[in-house]
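For reference, the structure is listed below as structure tokens.
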Number of protein chains: 2
Amino acid sequence: MTAIRVTVDIVLLTIRDGHLNALLIKRMAKPFENRYALPGGFVLEQESLDDAAIRELREEAGVDRVYLEQLYTFGDPERDPRGRVITVAYYALVPHTQTPRAGTDASDAAWFPATDLPPLAFDHREIVEYAHTRLRNKLDYTNVGFGLLPEKFTLTELQLVHEAILGQRLDKRNFRRKIIQKGIVKPIKEWRRTGRKPAQLYRFGR
Amino acid sequence: MTAIRVTVDIVLLTIRDGHLNALLIKRMAKPFENRYALPGGFVLEQESLDDAAIRELREEAGVDRVYLEQLYTFGDPERDPRGRVITVAYYALVPHTQTPRAGTDASDAAWFPATDLPPLAFDHREIVEYAHTRLRNKLDYTNVGFGLLPEKFTLTELQLVHEAILGQRLDKRNFRRKIIQKGIVKPIKEWRRTGRKPAQLYRFGR
DNA sequence: TCAAAAGTGTTGAAGATACACCCATGG
DNA sequence: CCATGGGTGTATCTTCAACACTTTTGA
């Protein structure tokens, strides 16, 4: 019972060109050498699980201030060929504007569409799917979508985030009404003029 | 990093006389000697987390076929004075009809109202509150309430379960309409005649 | 015949959905 | 002046909340 080791793995998600993407890192070491895997690693003796996840995100994905939430703990005795390793899975959200560069100790980090993943190491595919489901479910009774946007954003950008996560188009008028009625965004006196008609910027409020 | 030990702890819930109750066990050993704690214990090297929870429920609470769901993993480095122990928390539901007896290796098991707990060992109070919150949230978008009822039940009994979990009275007509429209219960051709007007029995369907 | 729990419908409010056109700007 | 994405309102339907009386039985 003392021979169990504990890792954290993090599903880092962002929106890239209208699709939900997850960051994966190509493994250098065995097992699953050259396979893609989630950023993550062993929990240190003196750090909390959340701190371990934050540390791994910084070390392996080069990202710092993200929305982070514990997902589920995967503990099948056969899930890791090296022995008994349970993993506490997290998911994290970053705006794609602060593009995470590949970290230092990871050979190769890359974004993949959450619905079109390469073969993954361990049970990591299941973990990504779990994260996607959780995010979809939380989308409309929480403000979780804001983790995927920069501080200032247009309502169209927010709608694209929702569409990417839900995998379906939404009606512009209904979407805007719902968001505004919830009172969780407030318009600021700035406009993004990106060639076309300028779009009003909003901020996540309170 | 290998010195982390892993336990499971289970919040076993039932409805007793209209209130949500949790099963607690008085600890014999240090630390927290004589304090109440959740049933649980160390995960064995060859068992999954779910299996560990099922085993502990059988050993410590004497219950067998229950609804069981993983809750959250608590991993604060200071949460256990004996050293680094993380716990994967579960919650489980039993109908109060199959009253669990106190198990064998537990000195003293007893039911306590979930809203009026004695002082608990470790961070177990937080875990019970987390379980209560989860159950409340899942109540109306899942069928989770059925775990607390025997196979055959009346709609009034089902309503009492919901009221106990939510902590508020519900309108009988609205409740029955909603449940029946969901199509998750089906009436059977049996009536419970308990002194008053006989009540139709239902079964959880499909 | 009384006490106790079972059972049953309607109305109004709020929220969700469907749907189409005009506007401001840069090129 | 045209192409592009920004922005707006209404009608309908569905869902939820409030609300009170009749029925069946055992004592």
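Reminder, nothing fancy here: chain letters follow the sequence lines and each chain counts from 1. Quick caveat, the model's predicted, so the values are computed rather than measured.
One interatomic measurement links the two molecules: CD1 of B:Ile179 to P of D:dA17, which rounds to 13 Å at whole-angstrom precision. What separates CZ of A:Arg176 from C1' of D:dG5 is a distance of 10 Å, to the nearest Å. The interatomic distance linking B:Leu155 (CG) with C:dA5 (P) rounds to 16 Å, in whole Å. To the nearest angstrom, P of C:dA6 lies 12 Å from CZ of B:Phe175. Between the C1' atom of C:dG15 and the CD1 atom of A:Ile180 lies a distance of 16 Å, rounded to the nearest Å. Straight-line distance from the CG atom of A:Leu170 to the C1' atom of C:dA16: 13 Å, rounded to whole Å. If you take CD of B:Gln200 and C1' of D:dT25, they are 16 Å apart, rounded to a whole angstrom. The NZ-P distance, from B:Lys178 to D:dT14, rounds to 19 Å in whole Å.
In terms of the ring-ring contact (aromatic ring centres under 6.0 Å, His included) criterion, residue partners of B:Phe32 (sequence neighbours excluded) are, by chain and number, B:Phe122. Applying the salt bridge (Lys or Arg N to Asp or Glu O under 4.0 Å) rule to A:Asp76 yields no partners; only residues at least two apart in sequence or on another chain are considered. Under the rule for a ring-ring contact (aromatic ring centres under 6.0 Å, His included), the partners of B:Phe146 that lie at least two apart in sequence or sit in another chain are B:Phe153, B:Phe204.
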Going 5' to 3' through nucleotides 19-27 of chain C and flagging B where a protein heavy-atom sits under 4.0 Å of the base, S where only the sugar-phosphate is that close, and - otherwise, we get BB--BBSS-

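Every pair passing ring-ring contact (aromatic ring centres under 6.0 Å, His included) that includes a residue from residues 174-198 of chain A is listed here, sequence neighbours excluded: A:His162-A:Phe175. Counting only residues at least two apart or on different chains, the salt bridge (Lys or Arg N to Asp or Glu O under 4.0 Å) pairs with a member in residues 114-130 of chain B are B:Arg79-B:Asp123, B:Arg125-B:Glu129.
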Please test A:Glu69 against A:Tyr91 for side-chain hydrogen bond (donor to acceptor under 3.5 Å, both in side chains), starting from the C-alpha separation and ending with a verdict. CA-CA 6 Å; A:Glu69 182 182 319; A:Tyr91 75 102; 3.1 Å; yes

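Residue contacts shown for A:Gln181 are absent, as no nucleic acid heavy atom lies under 4.0 Å away.
Phosphate contact (OP1/OP2 of D:dG6, side-chain N/O of A:Thr156, threshold under 4.0 Å): present.
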